[in-house]
Every structure is written in C-alpha cells, then in structure tokens.
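Inspection log for the structure reproduced underneath, given as structure tokens.
Everything numeric here is computed off the predicted structure, so don't read it as measured data. To find a chain, count down the sequence lines: A is the first, B the second, and so on, and within it residues start at 1.
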There are 2 protein chains.
Amino acid sequence: MENTKKTTIHDIAAKLNVTASTVSRALKGNPRISDSTRKAVLKTARELNYEPNQIASALRSGRTQLIGMLVPTINRSFFSSIIRGVEEVANSLDYRVIVSQSNEVFENEENAVRAFLNARVDGIIASIGKNTQHFDHYKQVLERGLPLVLFDRTTPQLHTSQVVIDDYQGAYLATSHLIAQGCVKIAHFTTERKIDIYKERYRGYVNALEDHGIAPNEALVFSGSLQLEDGRAHAETLLQKKENFDAIFSASDYAAMGAMQVVRENGLKIPEDVALVGFLNEPFTSFTDPPLTTVNQFPIEMGHTAANLFFNALNSEKEKIVTKKTVIQPELVIRASSLKKKP
Amino acid sequence: MENTKKTTIHDIAAKLNVTASTVSRALKGNPRISDSTRKAVLKTARELNYEPNQIASALRSGRTQLIGMLVPTINRSFFSSIIRGVEEVANSLDYRVIVSQSNEVFENEENAVRAFLNARVDGIIASIGKNTQHFDHYKQVLERGLPLVLFDRTTPQLHTSQVVIDDYQGAYLATSHLIAQGCVKIAHFTTERKIDIYKERYRGYVNALEDHGIAPNEALVFSGSLQLEDGRAHAETLLQKKENFDAIFSASDYAAMGAMQVVRENGLKIPEDVALVGFLNEPFTSFTDPPLTTVNQFPIEMGHTAANLFFNALNSEKEKIVTKKTVIQPELVIRASSLKKKP
DNA sequence: ATTATTTATGCAATCGATTGCACAACTAAC
DNA sequence: GTTAGTTGTGCAATCGATTGCATAAATAAT
C-alpha cells in the first residue's frame, strides 16, 4: 500500500472509462448524472482511497473553506474560548480556522489581514487591537466582498456584523449588586476610556450609582492598564490616602486580583471591609480566596455567534450582505468576594 | 478604487509587454531575469497592488504554507500557549496555522487529520488524545512524506519528531523539594498510568522518595481524573482515613487546588500542616491563597520547539527526514504552598 | 413516424502561478 | 569570421477540480 501518489478524479475517470467532468459531477451530487454511474464512481472513489484536493477546488471555485481569525492574544482564556467556539461551528460545516495574533501591535494586525487575504480565506473574524490606528485593512476585506465579523472590540466605523457583550449592563449589574450588599463608596478600576468596552463599563458603573441615589466620586475612579500590578497600585493608593471606600468594581479580573492581595495584606477582610467584583470571569477567579465575583461574558457562545454571523454573511447575496449586531447579555457570577448578606 | 478584481501576474505581464513567466521569475528573484525587467516588474506590481494568489501557487508547487495543528482543547492555558508558540515561529516564516481540537474524542482526531490532509497542509503538529485507539491516521501522514511533530502526549509507535518535557525530572524535583522542606509522608495524585506522562511523574515521585531513603507507600497514591473534584475527594479520603500525611504532590494543578480547598476547610494550615505541589503551572496557581508551588512546562517554548522541529523536517530531504526527540527541562516554581523553611 | 424534450455525458476552457525546454540576441574566444 | 558560451525571455504544459456549452442517446409528445 505504498500509495504515495494521491488519486485524482482522472484516475477514477480512467478506471471507469468516463471523463473527469462526470466524476466531478457524480461526487458533487449533480442531478444530471445517472444513478448507476454515480454509484460506480463512489465505489471506485472509495476503492482508490480518493480524497478531493481542496486546493484545486479552491482555485477553480474561489472558495477555500478557510476562515481567518485574528485575536490580540491566543493564550488568553477569553480569546482562546472564542476561538474554540468559532472552531466548533466552523468544523461542523467543514470549514477550517486559521488563527493569528496581533499582540496588540497595529502592524501585526495589518500583516495578518494581508496574509489572510493572500491565503484566500473566505472571510475574517477579528477583534480589533488596542492600538489600531485606522481600518483600511478591514475595509479592503469588505471591498472584496468578503464577510467580516468583529467581536468584543468593535468600531462603528465599519459597516459589518459584530458580536459584543452588553458591557454597560454587566457593569450596571455588578455595581447594583454591590449597592444591594450595602456598599456606598464603590471604587472603579478602568483604563483610558478610548476603547468602547471600557467606556461602557464606566457608564454602567456611574449610572448604577446615580440610579440608586449615590453621587459618583471621581476620586474613587482609577485608570491604568488593568493588570494585576495596576490593581495593586490602585488599592495601595486608596489605602494610603485613607480614602473612604467599602467596595471595588474593577473592569478586569486581574486588577481585582491585585486589589484582593493588597487589601488582605493590610489586614482587611473581604467582603466585610471591602467587597470586590471583577470582570471577565477568568478561570482563576473561582480559585481565589475568597472566590471572586465577576461578570461572565460567555466567550464560547460569543464564538458560536460570531461564526453564525459569518456564515449568514457568507451565504447572503454579495450585493446585500446581511450585517447584524448581536449583543450578548452578560451574567453576574456572584461569589464570596462580594457576598456580605447571606441570601 | 473599486478594485474588486485581483491583479494577477498576467496583468503585470500585459502592462509590460512580457509574459507571465517573466513576471513570475522576476517576483521570485530568479537570477535569469535582467535587473531592468525585475525593477519594472516590481514597480508595476506595486502600482497594481498585486498580491500573489497562494492557492494557485500551492496547486502548482504543492506547498500550501499551512500547518495543521491538533490539540485536545483549544481553551486550556497549556495548549493555547503552545499554539501561540507555534504561531509565532510559523508566522515569522510566512506559514499559517490551522487549529482543530479533538476534545479527547478519537473520531474527532481522525477527522481532523483527514481534514488537514484534504486542505493539503504541508504537515501536522499534534498532541495525541487520551482515547486514541490506533495511529493509522498519523501513519498516513508519514507515508505521504509530510512532517509530523508530536508534542506533550506522544507515542513510541510513531517514528517522528517529538517534543516533551521531562516529566520524570519535574516530578523528581517536586518531590525532592517537599522532602527538603522536611516532609516525609508525601501523597501523590495521579491518573490511570496508561499515558506516558503520568507514568513518568509517578516514577519521578517514587524514585525521589527512594533516593532519600523514604519507602513509597501505595496507600498515599490516589488515581482519578485529576480534576478539582478528584483532588477534593482524594484529600477528603486522606483526612477521613486519618492517613498520616504531611504533603501532597499532585500531577495536576486542578487536583492540587481541590486538595487545597479541603485542607483549609478542615482547619489545617498550608504549608505548615500540609505542603502542596501541583503540576502544569496553570495561570491560576499564582493567585491561590497561598500561591501554589508547581512545575512549569514552558508551553510557549514547547510551541517554538515543535515549530522548529517541524521546519527541520520540512526542509530535509524526503528520503531522510530528520526525526528528533527534544526533551524540555521543566522548572519547579516554588511558591508559598510548599515553603516551610524560609530560604 | 417525426419532432420535441429530457437525460447523461463529453469537450475544452478556466482558476493563477510555476517551470523545463527552446531559442534569439549578444559577448567572448580563437 | 566562425564557433562556443552566456543571458534574458517566451512557449506551453502542468497542478486537479469545476462548469458552460455542445451533443448523443433515450424517451415522450403529436
């Protein structure tokens, strides 16, 4: 069985004394082929261990059955879960997923999109980088009539399908929950509010306070990179300034974790002295002590949705591509870090 | 600039009154092309915004510049980090990575490999599933002369390049460390020892004990699925049976985490009463209380290595593919959960 | 029995880049 | 000035599957 050479439709054709056209049609289920030939073709194909050459097919048909997927960082739970979600849907439809990461570098993002186009992907699913300067590369994708789906980090500047979570709602839920637990001086950790999602979280935080008759206090709002170290620094500042606060709502689990460490190191109790809520539902949040209340973004479902929007666009007429914005409702995952009142 | 139609080498050729052959050669840096034509071609290519059609190129040359990468689960830190590592090397060489996950289902594994072959990938990088029944699909890959690199979970049944970590050494280091901290009754959490890596960890554990004059005690060895719940169950059993133990070395961080919870719930102190060491260096381990000592497998580096082995094989003569087994030395990451003696 | 229609298949071009071979034009050697 | 060698391009086939158009054969309609 040293079957090094791949069998092609021509091999099947030769064996059956028909042409490659017939074989191709038979394999594709073209109704203009008689039952008997179809069966013979399928039988011979099996015998010869035929596997279609998707490259040849792609060249002729223009469809590669490939989706280019661009994320900032592959090995971040949120993103890898979205990749997982996309892969599940794509695979079930016999599509494959090429992944690339931008590492938040704008140039990488441009290169990745170009590489995808060169590989002739059938479309792209992407999350915009933090340092994206313009959207020309994405516009090219659209101009070529290829489906483009943006998730999580999107922009109104591109007329294309999007999946986001309701960041406002997530933040509103989180803040309201803290208020319901009796907290009134709630700090907020955020980042430069250029990016929509953080803007929205901030807005949700402020609105929840106002809706409950609490005046927002900018002295309690800290901006940084939302990493663990930032959370530590913010918490230390709060403590040093003897700022009066009884809760922290952080726009990221990592910063929340940093704050948790500092608060505990200073002998304060969580949630009694300081209640804590994060955002992301990173896997580690259930393992902290106490476990961290956070906002679940349902990344796998987000991946499913992104893939479904992708195939919707792919299957719609080129002239009237269906663009749709799907907003996923987040869920507040209540754990011990914020639970002052026993339910 | 409604440049919907892609420009091809023929467009460039027409504009310059040469043939496509010349353009192709000029673009590929073939030395038989005069400097003047080459410059003209490159200039025109830029002007017309030419991008090579990799599909056409792939069909003719037989190289798709695609690597198929198969992992059990995309959204597990260890695996997504390896994907990241592979992607970094691949991208720098203008190769792209298609990812698929098996979810530990053997059939999925077979299908993914078949799909990769249909997509005409230039080779495959894979980790074998837990439920793999035979290796025929991988053998097909090798028979076709394609590079195959296995990582983490490998098998001696396939003559191909492999990257693993020295699981024995990791376990030996971990156990020796516990002994150095004064522990003598060290429990071990493992799984059915069919899979090499767990066998090796068990062996490292036993040998470390023996080398330090401690008799291994099978009553302290627990087998399960190594999930958090398993760790909890094992720890509860240990406590209920009033088994005398002063440390646990778990072959997985998750099971270690479960044990940490149970031990603390029972009012015992870590590391004073029970010292704890895990394995994997999952991101959460640095966030537990106390932070968990564990074994770092350097997954990103493992990805780099896998990719390098892949390209070695790819660039070697088909007849004498270089197969190499690389063993990465793990590192014991010592954190508070095992640190009884201040250094 | 003749025409119209359906059914099943073949022909040949096409997708875009690559490449072995041929060949013209020019240079160098004797 | 004839032969040998070098240099730069072109020609045409090829990779494997797909598809519009043509056509032969079989069936239905008149």
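Whole-Å rounding puts the A/I9 CD1 to D/dC15 P distance at 13 Å. Per the geometry, CD belonging to A/Q65 stands 13 Å off C1' belonging to D/dA17, to the nearest Å. Look at CG on A/N53: it is 11 Å from P on D/dC15, rounded to the nearest Å. One can place OH of A/Y50 at 8 Å from C1' of D/dG16, the figure rounded to the nearest angstrom. One can place CG of A/D11 at 10 Å from C1' of D/dG16, the figure rounded to the nearest angstrom. Distance B/I12 CD1 to C/dG16 P: 13 Å, rounded to the nearest Å. Going from atom CG of A/L59 over to atom C1' of C/dA17 covers 9 Å, rounded to whole Å. Rounding to whole angstrom units, CD1 of residue B/I55 and P of D/dG16 are separated by 15 Å.
Side chains of A/S100 and B/E87: a donor on one and an acceptor on the other come within 3.5 Å. Using modelled atom types and a 3.5 Å distance limit, the side chains of B/N118 and A/R96 yield no donor-acceptor pair.
A close approach under 4.0 Å does occur between a side-chain nitrogen or oxygen of B/K28 and OP1 or OP2 of C/dT18. Using a 4.0 Å cut-off, some side-chain N or O of B/S57 falls inside it from OP1 or OP2 of C/dT18.
Closest heavy-atom contact between A/S127 and A/D152: OG-CB, 4.1 Å. For the pair B/V86 and B/A306, the tightest heavy-atom approach, listed with the atom from each and the gap, is CG2-CB, 4.4 Å.
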task: Give the B/S/- string for nucleotides 9-14 of chain C, one per nucleotide from 5' to 3', where a protein heavy atom under 4.0 Å of the base yields B, of only the sugar-phosphate yields S, and otherwise -.
output: BBBBBB
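Taking the six-membered ring for Trp, A/H137 and A/F106 have ring centres closer than 6.0 Å.
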- line: DNA chain C in dot-bracket form (Watson-Crick or G-U pairs under 3.5 Å, [ ] crossing, | inter-strand) is ||||||||||||||||||||||||||||||
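Here A/E88 pairs with A/R84 in a salt bridge; the nearest charged N to carboxylate O distance falls below 4.0 Å. Remark: A/R153 engages A/E104 in a salt bridge, criterion side-chain N to carboxylate O under 4.0 Å.
With A/Q65 contributing its side chain and A/D94 its backbone, the two residues share a donor-acceptor pair below 3.5 Å.
A 6.0 Å sphere centred on CD of B/E47 holds more than 12 heavy atoms belonging to other residues, nucleotides or ligands.
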